[in-house]
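Both counts, for ligands and for their atoms, begin at 1 and track the order of listing.
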Amino acid sequence: MPTRSMRRLTVFILGLCLSAPSLAGAGSIVFSDFGAILDTVDAFRSAIGGANNGNAAGPFTTGRREINWDGGGANAQPLVNMPKDLFLNNRGAFYEPAATTFSISGQAAPNDATLARFGNINSTYPNTFTSFSSPRIFAPTNSIVTEQLFFQPGSNKNIPAVTTAFGAVFTDVDRARTTSIEYFGANNKSLGKFFVPPANNGLSFLGVKFDGGELISRVSITTGDTVLGPNDGGAVDVVAMDDFIYAEPKSAAAAGAPEPGTLLLLGGGLVGLLWTGRSVRLTLPS
Ligand SMILES: [Ca+2]
Ligand SMILES: [Ca+2]
């Protein structure tokens with residue numbers, strides 16, 4: 001088995017998307033980590049497009065987009081009902097469902113630390129949640145589901161887009177196989193549901209890059225098992241999010257149908273891939 005130090009470098013699963021057996025031959029590379037996640041987040045960034053295209057209008061053929069929720073200045077108040085198109089034209093992201101209220105936490109203004117990390121919702125949350133990019137984090141506040149649709153940045157929702165990779169940072173995931181990201185392709189077909197590893201009071205990361213020609217049109221993120229409000233613990237697992245990172249959204253036509261990945265799938269996906277961000281090697285499971 002890989003040692004913990006090896007695992008931390010990394011990426012680790014290359015395999016069939018087991019929850020979508022109809023996609024025989026589909027390839028996914030899973031980047032998953034908890035605790036000190038920066039190395040894995042950086043490996044994911046490198047793997048999906050080294051350049052951060054920022055707020056520039058598309059189309060770009062390469063690169064990635066990121067949302068860290070940290071705008072608003074030093075004394076930002078909580079944004080309790082974020083417009084669902086806040087990051088539409090500059091990052092190509094649109095949020096759903098329509099009935100869901102999404103919020104960006106405030107930051108600890110000099111005299112009001114209680115506003116940080118959803119302390120405006122529950123005074124214990126600043127100690128429950130932490131940030132990856134300080135100071136602000138993100139969460140749905142009347143649901144545990146966040147959906148992101150993709151559009152070509154700069155097209156103002158006129159050009160629906162697809163991507164090949166999406167990842168997110170989570171904070172205070174307590175339960176295994178609860179917090180997840182499900183990826184959907186054309187015709188709303190699931191490309192697979194992947195679970196986020198727990199890290200009590202800490203950070204977790206899950207990113208998936210598809211390299212078998214799959215194109216992601218939507219992601220559905222489930223955070224914990226309870227809507228923000230009650231104290232975390234016992235039967236309650238509340239979870240918030242930080243950075244979203246995804247490969248450049250582009251129109252389906254521009255995205256084309258990439259050649260199948262050159263990484264071999266063997267034994268039903270039981271071959272593990274260890275990716276350091278600098279080199280790739282395959283390891284047989286022990
Ligand atoms: Ca942040
Ligand atoms: Ca929790």
Can you tell me which residue pairs pass the ring pair (Phe, Tyr, Trp, His ring centres under 6.0 Å) test with a partner in residues 211-233, sequence neighbours excluded?
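Pairs touching residues 211-233 that pass the test: none.
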
Do you see an N/O/S atom of S134, backbone or side chain, under 3.0 Å from the Ca ion (ligand 1)?
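No, S134 does not qualify, because none of its backbone or side-chain N, O or S atoms lies under 3.0 Å.
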
N, O or S atom within D242 nearest to the Ca ion (ligand 1), by name:
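Per the distance ranking, D242 contributes OD1 as its closest N/O/S atom to the Ca ion (ligand 1).
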
Could you pull out the atom name of the N/O/S atom in D70 that is nearest the Ca ion (ligand 1)?
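Output for this pair reads OD1.
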
Using the six-membered ring wherever Trp is involved, compare the ring planes of F138 and Y95 and label them parallel, tilted or perpendicular (cut-offs 30° and 60°).
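Because their plane-to-plane angle lies in the 30° to 60° range, the rings of F138 and Y95 count as tilted.
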
Taking the Ca ion (ligand 1) as the vertex, how big is the angle to OG in S133 and O in R136, rounded to 10°?
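About 170°, to the nearest ten degrees.
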
When you check the space around the Ca ion (ligand 2), which protein N, O or S atoms turn up under 3.0 Å?
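The answer is D172 O, D172 OD2, D174 OD2, D232 OD1, D237 OD1, V238 O.
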
Got I37 and V169 here, is their nearest side-chain heavy-atom distance under 4.5 Å?
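In contact.
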
Linked, directly or transitively: W69 and V196 (ILVMFWY side chains, under 4.5 Å)
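The answer is yes; both residues are in one hydrophobic cluster.
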
Under the side-chain contact (heavy atoms from CB on, under 4.5 Å) rule, collect the residues that match up with P59, sequence neighbours excluded.
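Testing P59 for side-chain contact (heavy atoms from CB on, under 4.5 Å), a comparison that skips the adjacent residues, returns Q152.
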
Lys NZ or Arg CZ of R117 over F129 ring: under 6.0 Å, within 45°
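Pair R117/F129 does not count as cation-pi.
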
Got a salt bridge between E66 and R45, using NZ or NE/NH1/NH2 to carboxylate O under 4.0 Å?
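Looking at R45 together with E66, the answer is yes, because their closest N to O distance falls below 4.0 Å.
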
Residues in salt bridge (Lys or Arg N to Asp or Glu O under 4.0 Å) with E182, at least two apart?
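Salt bridge (Lys or Arg N to Asp or Glu O under 4.0 Å) check on E182 returns nothing, list empty.
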
